[in-house]
Amino acid sequence: MINLLFLQSTDAAADTANMAAQAAQGAVELKFWDLVLKGGWIMIPIFLLSIIAIYIFVERYYAIKRAAKIDDRFIDQIKDNIHNSRFDAAIALCRTSDTPVARMIEKGVSRIGRPLNDVNTAIENVGNLEISKLEKGLPALASVSGGAPMLGFLGTVMGMIQAFYDMSNAGSNVDVSLLSSGIYQAMVTTVAGLTVGIISYFAYNILVARVEKVVFKMEATTSEFMDLLHEPAK
């Protein structure tokens, strides 16, 4: 009998603990969304900036990743075709590879027979266009990294103004709950703006570093191609 009562009390305690845990979890989730809503309308542009930052980072990351893929045998095949005067085959090979390096080499091959300075200038012009394509969206991402915290600070100032306004209207009947709305807005918008800004800042620098790696490969391949054109003169 005592064991039965003990087991029943243990089950009841476990059920009570589970109910308390579920209630606490629901309270935390409700509190989180309440805090987001208390940030006010300024949270809308901050949220939109976060969506823009995510889209730019994902789209540019994979675009730059595709641009960085260069077949190790590509330049060797180009050399073989040029040595054997198969310029059409070299151009066809470049067109099968959708990379900035291939488009630069294609322009160089199409200019073979002209002065080397003209060939080099043509390659550099294509290279500048390719770099511009790779950097598309990066200025916008940099703007998000700087603009999101500023919007957050704007929400902070607006929230503090609201808090002091409520305080002045309350007169001597100042209550903490009366000021909570403005303080909530001030703190929530600051956290949201800084979070979006910090993440965007790191995302921007990651993309810039990857673009620089691609540019280095482009320069190295261009130098190797120009050395190839100098070989007959030796």
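Every value quoted in this text rests on a predicted model; they were computed, and no experiment measured them.
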With a 4.5 Å heavy-atom cut-off, do [X] and [Y] have their side chains touching?
X      : Y      : result
Pro100 : Ile131 : no
Phe225 : Val109 : yes
Arg111 : Asp118 : no
Val119 : Lys107 : no
Thr189 : Leu154 : no
Phe74  : Ile105 : yes
Val215 : Glu130 : no
Arg60  : Tyr204 : no

Query raised in the report: Going through the distances and angles, do Lys65 and Arg210 end up as a side chain to side chain contact (heavy atoms under 4.5 Å, CB included)?
Result: CA-CA 8 Å; Lys65 184 178 181 180; Arg210 294 184 69 87; 4.0 Å; yes
Calculate, to the nearest 0.5 Å, the distance between atoms [atom1] and [atom2] belonging to [X] and [Y] respectively.
X      : Y      : atom1 : atom2 : value
Arg114 : Thr121 : CZ    : OG1   : 11.5 Å
Lys217 : Glu212 : NZ    : CD    : 14.0 Å
Arg103 : Ser97  : CZ    : OG    : 8.5 Å
Tyr62  : Phe57  : OH    : CZ    : 9.0 Å
Gln77  : Arg86  : CD    : CZ    : 10.0 Å
Ser50  : Met43  : OG    : CE    : 9.0 Å

**Report entry** Partner of Val101 under side-chain contact (heavy atoms from CB on, under 4.5 Å), chosen from Thr222, Ile75, Val214, Thr221
**Finding:** Thr221
Transitive ILVMFWY side-chain link [X] to [Y], under 4.5 Å:
X      : Y      : answer
Phe47  : Val196 : no
Ile54  : Leu48  : no
Ile44  : Leu49  : no
Met226 : Ile112 : yes
Val208 : Ile64  : yes

Which atoms form the tightest heavy-atom contact between [X] and [Y], and what is the distance?
X      : Y      : result
Thr99  : Arg66  : CG2-O, 4.1 Å
Phe153 : Leu194 : CZ-CD2, 4.1 Å
Leu93  : Thr96  : O-OG1, 2.5 Å

Query raised in the report: side chain to side chain contact (heavy atoms under 4.5 Å, CB included) between Ile52 and Ile56: does it pass, once the steps are laid out?
Result: CA-CA 6 Å; Ile52 293 173; Ile56 292 175; 3.7 Å; yes
[X] side chain vs [Y] backbone, donor-acceptor pair below 3.5 Å:
X      : Y      : value
Ser200 : Gly197 : no
Thr156 : Gly152 : yes
Asn120 : Leu116 : no

Query - Atom CZ of Phe87 with >12 non-hydrogen neighbours under 6.0 angstrom - result: yes
Review item, side-chain donor-acceptor pairs of residues 132-149, under 3.5 Å, at least two apart:
| unit_1 | atom_1 | unit_2 | atom_2 | d |
| --- | --- | --- | --- | --- |
| Ser143 | OG | Pro139 | O | 3.0 |
| Ser145 | OG | Ala142 | O | 2.6 |

